[in-house]
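Below is one structure, written out as structure tokens; comments come after it.
Being a predicted model, the structure only gives us computed values, none of them experimental.
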Amino acid sequence: MTEFWLISAPGEKTCQQTWDKMMVVTTRTNNLSTNNKFNIPDLKVGTLDVLVGLSDELAKLDTFVESVVKKVAQYMADVLEDSRDKVQENLLANGVDLVTYITRFQWDMAKYPIKQSLKNISEIISKVATQIDNDLKARASAYNNLKGNLQNLERKNAGSLLTRSLADIVKKEDFVLDSEYLITMLVVVPKLLFEDNDSGLFSVTLFRKAVDDFKHKARENKFTVRDFQYNEEEMKADKEEMTRLSTDKKKQFGPLVRWLKVNFSEAFIAWIHIKALRVFVESVLRYGLPVNFQAMLLQPNKKNMKKLREVLYDLYKHLDSSAAIIDASMDIPGLNLSQQEYYPYVYYKIDCNLLDFKV
């Protein structure tokens, strides 16, 4: 289970008390979740107007950066092809696995200086994510073109005798070449029952003037005359092109995987910092000033998610009586819950299932 609930509640006499109460109801009396404190530094609050505007901007930025994270992860899987089982070990944040990074989250002061305004920090994150997104498009396009051209050539040299290239099958001595009157044609003839392959390839040398008659008779007998002219230069060029493309692909593979690893880490780190910003902004808007809240990261026990929701609701319902115990997964007629679920406490989901297949 790689889903986390990032929540916050106002500090009581101390923030430690808030933490202790949450721990009692979720872990000490039952096994509803595994919890960690989520450390958010003392960020610059700014004005209420700025916070309200930033709340909407951060929601959009969160969605965008999550999409970039998923795109980089998915492209890593595409590039690794047959080694997809190795995808997860390449999807690291700051050199550690994603669960470790999230549960031990520390604000990166060097990347996102807390002396800057919240708006400036969000703009730094936006620029990072946009750059990664643009670079990914360019690199993916170049690599996909190369891969596509190589696959087309490989396809030409595979498959049945009806469609595949015959250049690597036939030899010069199989043909009568440069004759004014004679021509050698290649004919694909279906094999008889109990043979392993579908058909055999035969060469037939005949007078040029008999070509049309021969093709007609071949069709009547369900033989396929392949349109093939022996050309050593073309055959050599095809082989060289295939070698070149294969070499280019191998050369680009290593640097591309390294780029994806580095930039996945950058994008993921940026994404979790957005979550931290959102918790901070939303907590100040909901719980007021001075800043006094405890951010907490819960990893729900999958079997007890509904119970965990109920326990948290009972613990925090006094914060906002208008927040009903509902979430977007419940289908209640006439109630539109397409937007972010709303609870009496600040809540954001972090889902680390970033790939559309299981590895």
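- Of the possible polar contacts, one joining the R208 side chain to the S179 backbone as a donor-acceptor pair under 3.5 Å is found.
- For V79 against F253, the heavy-atom pair with the smallest separation is O-CE1, 3.5 Å.
- Shown here are the ring-ring contact (aromatic ring centres under 6.0 Å, His included) partners of Y316, two or more places apart in sequence or in another chain: Y345.
- W5 is listed as a side-chain neighbour of R309, based on a closest heavy-atom distance under 4.5 Å.
- A donor-acceptor contact under 3.5 angstrom links the side chains of T26 and N35, judged on distance only.
- Interatomic distance, CD of E89 versus CG of L80, reported as 9.0 Å (0.5 Å rounding).
- The backbone N or O of T243 sits nowhere less than 3.5 Å from a side-chain atom of S246 that would complete a donor-acceptor pair.
- Evaluation of the side-chain contact (heavy atoms from CB on, under 4.5 Å) rule for R258 yields P255 as partners, not counting sequence neighbours.
- Side-chain N or O atoms of N221 include one that pairs as donor or acceptor with a backbone N or O of K217 at under 3.5 Å.
- Both V211 and F223 are assigned to one and the same hydrophobic cluster, defined by single-linkage of ILVMFWY side chains at heavy-atom distances under 4.5 Å.
- Distance check: L308 CG to N301 CG gives 9.0 Å after rounding to the nearest 0.5 Å.
- Among pairs with a residue in residues 169-178, none fulfils side chain to side chain donor-acceptor pair (under 3.5 Å), at least two apart in sequence or across chains.
- Without hydrogens or angle criteria, N304 side chain to N31 main chain gives a donor-acceptor distance under 3.5 Å.
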Exercise for review: Start with the C-alpha gap between K127 and E123, add the side-chain angles, then the distance that decides, and say whether salt bridge (Lys or Arg N to Asp or Glu O under 4.0 Å) holds.
Suggested key: CA-CA 6 Å; K127 279 179 188 167; E123 283 170 359; 5.8 Å; no
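- The CD atom of Q294 sits 5.5 Å away from atom NZ of K37, with the distance rounded to the nearest 0.5 Å.
- In this structure, V24 stands alone, with no Ile, Leu, Val, Met, Phe, Trp or Tyr side-chain heavy atom under 4.5 Å from its own, directly or through other members.
- Side chain to side chain, T184 and S203 fail the donor-acceptor criterion of an N or O pair below 3.5 Å.
- Under the 4.5 Å side-chain criterion, counting only non-hydrogen atoms from C-beta, L43 is in contact with L277.
- Not a single donor-acceptor pair under 3.5 Å links the side chain of S55 to the backbone N or O of V52.
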Check your understanding: Could you walk me through whether E81 and K249 pass the salt bridge (Lys or Arg N to Asp or Glu O under 4.0 Å) check?
Key -> CA-CA 13 Å; E81 295 176 28; K249 189 185 169 196; 3.2 Å; yes
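- Among residue pairs with one or both ends in residues 131-146, those qualifying as salt bridge (Lys or Arg N to Asp or Glu O under 4.0 Å) are K71-D133, D133-K137; sequence neighbours excluded.
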Exercise for review: Go through N39 and W107 one step at a time and tell me if the side-chain hydrogen bond (donor to acceptor under 3.5 Å, both in side chains) criterion holds.
Suggested key: CA-CA 7 Å; N39 298 310; W107 187 275; over 6 Å; no
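- The heavy-atom pair separating S283 from V346 by the smallest distance is OG-CG2, 3.8 Å.
- When all heavy atoms of I102 and C352 are compared, the closest pair comes out as CD1-SG, 3.3 Å.
- Judged purely by distance below 3.5 Å, without hydrogens or angles, the side chains of T47 and D49 never pair a donor atom with an acceptor atom.
- With sequence neighbours excluded, the residues forming a side-chain contact (heavy atoms from CB on, under 4.5 Å) with F202 are V189, listed by chain and number.
- I114 and I124 fall within a single hydrophobic cluster, where Ile, Leu, Val, Met, Phe, Trp and Tyr side chains are chained together by heavy-atom contacts under 4.5 Å.
- For L51 against V281, the heavy-atom pair with the smallest separation is O-CG1, 3.5 Å.
- Here the closest heavy-atom approach between residue Y287 and residue P344 is recorded as OH-O, 4.3 Å.
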Check your understanding: Would M185 and K215 count as a side-chain contact (heavy atoms from CB on, under 4.5 Å) if you check the C-alpha gap in whole Å, the side-chain angles of each, and the deciding distance to 0.1 Å?
Key -> CA-CA 10 Å; M185 307 191 78; K215 283 183 175 178; 3.6 Å; yes
Point to revise | Steps toward side-chain hydrogen bond (donor to acceptor under 3.5 Å, both in side chains) verdict (T100, D97) | key: CA-CA 5 Å; T100 301; D97 66 85; 2.8 Å; yes
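- L355 and V99 fall within the same hydrophobic cluster, defined by Ile, Leu, Val, Met, Phe, Trp and Tyr side-chain heavy atoms under 4.5 Å apart, directly or through other members.
- Side-chain atoms of K275 do not come within 3.5 Å of backbone N or O of Y348 as any donor-acceptor pair.
- Connection of L146 to L150 is established within a shared hydrophobic cluster, with ILVMFWY side chains joined at heavy-atom distances below 4.5 Å, either directly or through further cluster members.
- The ring-ring contact (aromatic ring centres under 6.0 Å, His included) test applied to W19 returns no partner, not counting sequence neighbours.
- Of all the heavy atoms in N90 and K86, the pair that sits closest is ND2-O, 2.9 Å.
- Applying the ring-ring contact (aromatic ring centres under 6.0 Å, His included) test to Y112 and every residue at least two apart in sequence or in another chain returns H273.
- Note on residues 22-43: pairs passing ring pair (Phe, Tyr, Trp, His ring centres under 6.0 Å), not counting sequence neighbours, are F38-F105.
- Within the 4.5 Å cutoff, the side chain of L256 has heavy atoms near those of the Y75 side chain.
- The line from CZ of R244 to CG of N149 is 8.0 Å long, rounded to the nearest 0.5 Å.
- Salt-bridge check for E282 with R286: passed, with a basic side-chain N closer than 4.0 Å to an acidic carboxylate O.
- Under 4.0 Å is where a charged nitrogen must lie from a carboxylate oxygen, and between K111 and E266 at least one such pair does.
- Panel note: side chain D351, backbone N353; a donor-acceptor pair is recorded below 3.5 Å.
- Side chain of T18 to backbone of P10: a donor-acceptor contact under 3.5 angstrom is found.
- Proximity of a side-chain donor or acceptor of N292 to a complementary backbone N or O of G11 within less than 3.5 Å is detected.
- Contact check for S122 versus I274: no side-chain heavy atoms found under the 4.5 Å cut-off.
- Atom CG of residue D78 and atom OH of residue Y143 lie 10.5 Å apart, to the nearest 0.5 angstrom.
- For W259, there are no ring-ring contact (aromatic ring centres under 6.0 Å, His included) partners at least two apart in sequence or on another chain.
- Clustering ILVMFWY residues whenever any of their side-chain heavy atoms sit less than 4.5 angstrom apart, transitively, puts L260 in a cluster other than the one holding V262.
- Side chain of S265 to backbone of K261: no donor-acceptor contact under 3.5 angstrom is found.
- Atom CZ of F64 is separated from atom OG of S126 by 6.5 Å, given to the nearest 0.5 angstrom.
- Pairs passing the salt bridge (Lys or Arg N to Asp or Glu O under 4.0 Å) check and including a residue from residues 8-25, sequence neighbours excluded, read E12-K21.
- Through side-chain heavy atoms spaced under 4.5 Å, either directly or across other Ile, Leu, Val, Met, Phe, Trp or Tyr residues, L182 is tied to V176, Y181, F207.
- In this model, no donor atom of one side chain and acceptor atom of the other lie less than 3.5 Å apart for D320 and Y343.
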